[in-house]
Number of protein chains: 2
Amino acid sequence: MELYAERGFDATTVADIAERAGLTERTFFRHFADKREVLFSGGEVLQQAVVDGITAVDPGATSIEAAVRGLETATADFFAPAVRPHSRARQRIIDAHPELQERELIKMARLARAIAEALRERGVAEPSATLTAETAVVIFRVSFDRWVADGDVSTFGALLRESLDGLRSVAAA
Amino acid sequence: MELYAERGFDATTVADIAERAGLTERTFFRHFADKREVLFSGGEVLQQAVVDGITAVDPGATSIEAAVRGLETATADFFAPAVRPHSRARQRIIDAHPELQERELIKMARLARAIAEALRERGVAEPSATLTAETAVVIFRVSFDRWVADGDVSTFGALLRESLDGLRSVAAA
DNA sequence: ATGGTGATGACAGCTACTGACATCGATCGG
DNA sequence: CCGATCGATGTCAGTAGCTGTCATCACCAT
């Protein structure tokens, strides 16, 4: 991430990264599937936390409530105020490179699938499960954008709530 | 697409494609940004059609109604029953290759941004415009999946309506 | 000490993609 | 009717991402 920030994603070769890390280029590719993956390696952990959060929600909750509550508990650990500068730096790099956005998007798609599966475990039928999961991910993304943005100082959980409310009024219209 | 279907995306080189097309490898890259783009080249046309459709909707309509109506008019031209076999073949290739899914996802993201812009033109404020646009794209994707799936024989417009209803009940919960 | 295992290095190779320059055909002004 | 121009293509060389294969080495268990 240092190198990507310093000279840009395209301008840094895998050889550069390997050198700074004191390793071989080959070894880099044994740890990361490709050059982009470096920025996304922690993703499965968050995904698992969200899934765990959803299954922990009281069974009486509606599907969208369960999904958002799962996001709330998971993001409370991952998106503490202290990590905001790091997240912001990371996001600046991603936003500047379409290839990285592609990777980010597929991670989100996987998150949606995992959420849908967790909802089905709770007894939510299709197509509600998928629809709810996709909606939850939209809420997550909108919230994340606002959380990373400079001006906003709300907590992630509060932003999730606001986004959910916003979406409810949009859908009700 | 012939070659991708015959021997798989990974197993076909650009040299193969160029040869079958009777052209040079270099010429291929002058027409398509990269190897994946071949499968997505028509995307901007659909996007423009959706945007045009949205701006044509009567100004009194709500934002989500305008977005879905825009999708309806655009998809009526692009997703006629006759093109279903082609769409299905294309989708089979994409579904088998994560790299292609990445590209598809970023196209969807661009579509969402274009829809949001069209909604803002209609006077919809943020964050409603973005939220509505993302929601509309979810509806589009769910509908497209069902339209491409074997069993279903509904028209695309009907599927859009059903998905919108489904999402409304999810969000209302 | 021996053998197994997991991480790394070394090296060769393929292919996606790019830049630079030459060629060629069509078109258009004189 | 000729030459200039322009757009599309061919040619060639080069870079870099990524992979397969084999050797090495540290560590651990028996």
Side-chain angles (χ1 to χ4, degrees), chain A residues 1-45 47-48 89-110, chain B residues 1-45 47-48 86 89-111:
Chain A
M1 229 187 80
E2 292 173 17
L3 286 168
Y4 291 168
E6 283 173 21
R7 45 182 103 160
F9 179 77
D10 300 320
T12 79
T13 76
V14 176
D16 293 335
I17 303 175
E19 189 189 359
R20 169 140 342 171
L23 290 174
T24 321
E25 197 172 336
R26 190 64 183 89
T27 302
F28 173 90
F29 284 112
R30 276 193 267 254
H31 286 267
F32 304 100
D34 55 53
K35 195 183 157 188
R36 301 178 243 167
E37 195 63 18
V38 197
L39 290 173
F40 301 93
S41 57
E44 326 76 35
V45 190
Q47 176 171 318
Q48 190 56 48
R90 195 189 87 115
Q91 203 60 34
R92 221 187 332 255
I93 301 171
I94 295 176
D95 288 345
H97 299 277
E99 347 163 30
L100 295 173
Q101 294 163 32
E102 289 188 342
R103 181 57 50 85
E104 185 175 43
L105 287 166
I106 206 172
K107 297 285 181 181
M108 288 293 152
R110 284 200 233 283
Chain B
M1 230 187 81
E2 292 172 16
L3 286 167
Y4 290 168
E6 284 173 22
R7 44 182 105 160
F9 179 76
D10 300 320
T12 78
T13 75
V14 177
D16 293 335
I17 303 175
E19 189 189 358
R20 168 136 349 167
L23 290 174
T24 320
E25 200 172 332
R26 190 65 182 88
T27 302
F28 172 89
F29 284 112
R30 276 193 267 253
H31 286 266
F32 304 99
D34 56 53
K35 196 183 156 188
R36 302 177 243 166
E37 195 62 20
V38 197
L39 291 172
F40 301 92
S41 57
E44 325 76 36
V45 190
Q47 177 171 317
Q48 191 55 49
H86 178 271
R90 194 189 89 115
Q91 203 60 31
R92 223 190 329 257
I93 301 171
I94 295 176
D95 288 345
H97 299 278
E99 346 163 31
L100 295 173
Q101 293 162 33
E102 289 187 343
R103 181 57 50 87
E104 185 175 42
L105 287 165
I106 207 173
K107 296 287 180 181
M108 287 294 152
R110 283 200 233 282
L111 176 60

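So you know, we letter chains A, B, ... as the sequences are listed, proteins then strands, and number each from 1. Side-chain atoms are counted along with the backbone in the values below, which use heavy atoms only and exclude waters and symmetry mates.
Partners of A:A15 by side chain to side chain contact (heavy atoms under 4.5 Å, CB included), not counting sequence neighbours, listed by chain and number: A:T13, A:E25. Looking at residues two or more places apart in sequence or on another chain, you find a salt bridge (charged side-chain N to carboxylate O under 4.0 Å, His left out) between A:R7 and A:D16. The side chain to side chain contact (heavy atoms under 4.5 Å, CB included) check on A:V38 picks up A:Y4, A:F28, A:F32, with sequence neighbours excluded. Here B:E37 pairs with B:R103, B:K107 under the salt bridge (charged side-chain N to carboxylate O under 4.0 Å, His left out) rule; sequence neighbours left out. A:H97 is linked by a ring-ring contact (aromatic ring centres under 6.0 Å, His included) to A:F9, counting only residues two or more places apart in sequence or in another chain. By the side chain to side chain donor-acceptor pair (under 3.5 Å) test, B:Q47 is found to be paired with no residue, residues two or more places apart in sequence or in another chain being considered.
Surrounding CD of B:E19 are at most 12 heavy atoms belonging to other residues, nucleotides or ligands under 6.0 Å away. Shown here is A:E2, whose CD atom has no more than 12 heavy atoms of other residues, nucleotides or ligands within 6.0 Å.
Summarising the geometry, the separation between CG on B:L3 and P on C:dA16 is reported as 12 Å, rounded to the nearest angstrom. Taking atom CG of B:D10 as the reference point, atom P of D:dG17 lies 19 Å away to the nearest angstrom.
Near-neighbour residues of DNA chain D inside residues 20-40 of chain B, defined by a heavy atom below 4.0 Å, number-ordered: B:L23, B:T24, B:R26, B:T27, B:R30, B:H31. Of all the residues in residues 94-106 of chain A, not one reaches under 4.0 Å from DNA chain D with any non-hydrogen atom.
Comparing the end axes of the helix from C:dA1-D:dT30 to C:dG30-D:dC1, each fitted to five base pairs by superposing C1' atoms of four pairs onto the next four, gives an inter-axis angle of 10° (nearest 10 degrees).
Taking every heavy atom of both residues into account, B:K35 and B:T12 meet most closely at NZ-O, 2.9 Å.
Side-chain contact between A:Q101 and A:R36 is absent, with no heavy atoms from C-beta onward closer than 4.5 Å.
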